[in-house]
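Note sheet for the following structure.
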Amino acid sequence: MDAARTVVLVGPTAVGKTAVALALAEHWPIEIVSADSRQVYRGLEVATAAPTARERQRVPHHMLGILPPGERYSAGRFAEEASAVLADIRARGRFPVVVGGTGLYVKALAEGLFAEPPLDRPRRDALFALTATLDHATLVRWADRLDPGHTGSGGRHRATRAIEMALLTGRPLSWWQRVARADAAITPWYVRLSLPRAVLHQRIATRAAEMVRRGIVEEVAAALADGAPLRGPGMDGIGVREAVDVLQGLLPRERLAETIALATRQYAKRQDTWFRHQLAGDVLALDATSPPERLAAQVAAAWSAQPA
């Protein structure tokens with residue numbers, strides 16, 4: 001498997017990863033491989049803060065909008081498919097940069113997760129239909145019981161995955177991840193962006209307000225009208241959940257931006273903690289208060305200064 005040294009740009013949501021990645025195009029002929037568990041779903045570009053059409057025209061992006069919101073996706077599948085994309089980018093003489101905020105996706109690509117055993121499809125579908133009827137608290141409680149290694153993080157999708165692996169294989173997901181680890185797809189060279197808390201919170205608030213202005217409620221309504229299941233894997237993200245609450249009359253529209261910002265701040269804190277402590281390999285830590293162009297220049301210089 002191709003384990004070439006690869007720039008991996010990480011950090012909490014709204015820290016400015018996309019802007020820095022785009023600025024890197026002034027230094028290298030890059031293509032961006034997204035490692036974001038929400039941006040893989042199509043039709044929810046506003047809700048997932050996906051790169052805009054103009055940004056995608058400026059620099060090619062991969063692993064965006066590849067699935068309908070009702071389809072399940074795993075970190076292992078991401079690593080397999082992203083590995084093929086990375087190999088293709090290099091084969092064309094281009095420079096891949098992995099960009100994302102989903103720690104498990106990054107870890108799957110950089111360290112390998114596990115070789116999944118074959119699962120009985122009818123039993124898997126029946127179990128998924130059952131877990132879809134459970135509320136979030138019940139789902140997490142069952143995941144914790146079946147898999148002591150389950151942390152309660154990752155939302156419905158991760159809890160469902162923990163239940164599925166435990167019941168269908170007889171072994172918890174945490175066991176598979178520990179014992180049946182697959183090969184890494186890349187050798188990561190991490191660039192970790194961070195911001196002072198007050199600055200990050202302001203960026204999050206600004207982005208939440210922009211989501212509402214750009215029509216997040218209408219986008220989610222369109223996805224539901226197009227057949228996206230209310231509790232589908234792609235409908236469990238921050239922003240989507242709150243928009244659904246507005247559509248169901250559970251949340252006043254005037255409080256939508258504030259509610260999205262609060263949930264995003266909590267998520268960003270978990271991301272930042274994860275990236276500070278879980279990255280295995282070389283890490284270049286940068287303060288993202290500097291302009292993206294300056295940060296990109298620092299990244300390019302540090303990369304060039306590495307031993308051959």
Side-chain angles (χ1 to χ4, degrees), residues 1-4 6-15 17-18 20-21 31-42 44-45 47-51 61-67 69 71-89 96-116 150-151 153-162 164-165 173-174 176-178 180-193 233-234 236-238 240 264 267-268 270-281 283:
M1 181 177 289
D2 184 3
T6 304
V7 175
V8 183
L9 183 60
V10 300
T13 187
V15 77
K17 296 184 296 291
T18 296
V20 175
E31 296 191 18
I32 294 171
V33 179
S34 171
D36 188 299
S37 63
R38 297 303 169 190
Q39 292 179 0
V40 297
Y41 293 106
R42 57 177 169 263
L44 296 168
E45 287 76 15
T48 61
H61 284 68
H62 304 270
M63 306 304 290
L64 295 174
I66 59 175
L67 302 169
E71 185 171 337
R72 289 177 290 172
Y73 201 61
S74 68
R77 181 177 166 188
F78 165 79
E80 180 180 357
E81 295 179 0
S83 297
V85 170
L86 288 162
D88 177 67
I89 293 171
V97 175
V98 176
V99 179
T102 301
L104 193 59
Y105 277 28
V106 171
K107 188 171 186 177
L109 198 59
E111 300 178 28
L113 281 181
F114 67 96
E116 181 177 300
H150 180 257
T151 63
S153 63
R156 292 186 61 87
H157 179 65
R158 179 133 175 90
T160 299
R161 182 79 168 139
E164 174 184 83
M165 292 302 294
L173 177 62
S174 56
W176 285 104
Q177 291 174 338
R178 184 176 66 253
R181 186 167 296 279
D183 293 333
I186 61 173
T187 299
W189 187 77
Y190 291 111
V191 177
R192 180 175 61 81
L193 302 180
D236 188 37
I238 296 171
V240 179
T264 304
Y267 176 57
R270 295 194 298 271
Q271 284 179 298
D272 193 49
T273 299
W274 197 96
F275 286 125
R276 286 180 184 276
H277 300 290
Q278 297 295 324
L279 300 180
V283 180

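Side chains are part of it too, since the values below use all heavy atoms of this structure and drop only hydrogens, waters and symmetry mates.
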What distance separates L173 CG from S74 OG, expressed to the nearest 0.5 Å? 10.0 Å
Can you see which heavy atom on [X] is nearest to which on [Y], and at what distance?
{"X": "V240", "Y": "G234", "answer": "CG2-O, 4.3 Å"}
{"X": "P96", "Y": "T6", "answer": "O-CG2, 3.9 Å"}
{"X": "P188", "Y": "A280", "answer": "CG-O, 4.0 Å"}
{"X": "P69", "Y": "L44", "answer": "CG-CD1, 4.2 Å"}
{"X": "A82", "Y": "L109", "answer": "CB-CD1, 4.0 Å"}

I66 side chain reached by Y73 side chain, heavy atoms, under 4.5 Å: yes
For the pair Q39 (side chain) and A49 (backbone), establish whether a donor and an acceptor sit closer than 3.5 Å, ignoring hydrogens and angles. yes
Looking at G11, is its backbone amide N or carbonyl O close enough to the side chain of K17 to form a donor-acceptor pair, meaning the two atoms are under 3.5 Å apart? yes
Start with the C-alpha distance between T13 and I238, add both sets of side-chain angles, then the distance that settles side-chain contact (heavy atoms from CB on, under 4.5 Å), and finish with yes or no. CA-CA 11 Å; T13 187; I238 296 171; over 6 Å; no
Output all residues satisfying salt bridge (Lys or Arg N to Asp or Glu O under 4.0 Å) with E45, sequence neighbours left out; order by chain, then residue number. none
With sequence neighbours excluded, tell me which residues meet side-chain contact (heavy atoms from CB on, under 4.5 Å) with [X].
{"X": "P233", "value": "Y41, R72, F128, H157"}
{"X": "P12", "value": "V15, L200, A268, Q271, D272"}
{"X": "V85", "value": "V33, H62, M63, I89"}
{"X": "S37", "value": "T102, Y105"}

Could you pull out all residues at least two apart from [X] that satisfy side chain to side chain donor-acceptor pair (under 3.5 Å)?
{"X": "T18", "answer": "none"}
{"X": "Y190", "answer": "none"}
{"X": "E71", "answer": "R77"}

When you look at CD of E81, are more than 12 heavy atoms from neighbouring residues, nucleotides or ligands closer to it than 6.0 Å? yes
When V191, L279, V98, T187 are each screened for side-chain contact (heavy atoms from CB on, under 4.5 Å) with V8, the one that passes is V98
Go through the structure and list residues passing ring-ring contact (aromatic ring centres under 6.0 Å, His included) with W274, not counting sequence neighbours. none
Output, in order, the C-alpha distance, side-chain angles, deciding distance and verdict of side-chain contact (heavy atoms from CB on, under 4.5 Å) for L193 and L9. CA-CA 8 Å; L193 302 180; L9 183 60; 3.9 Å; yes
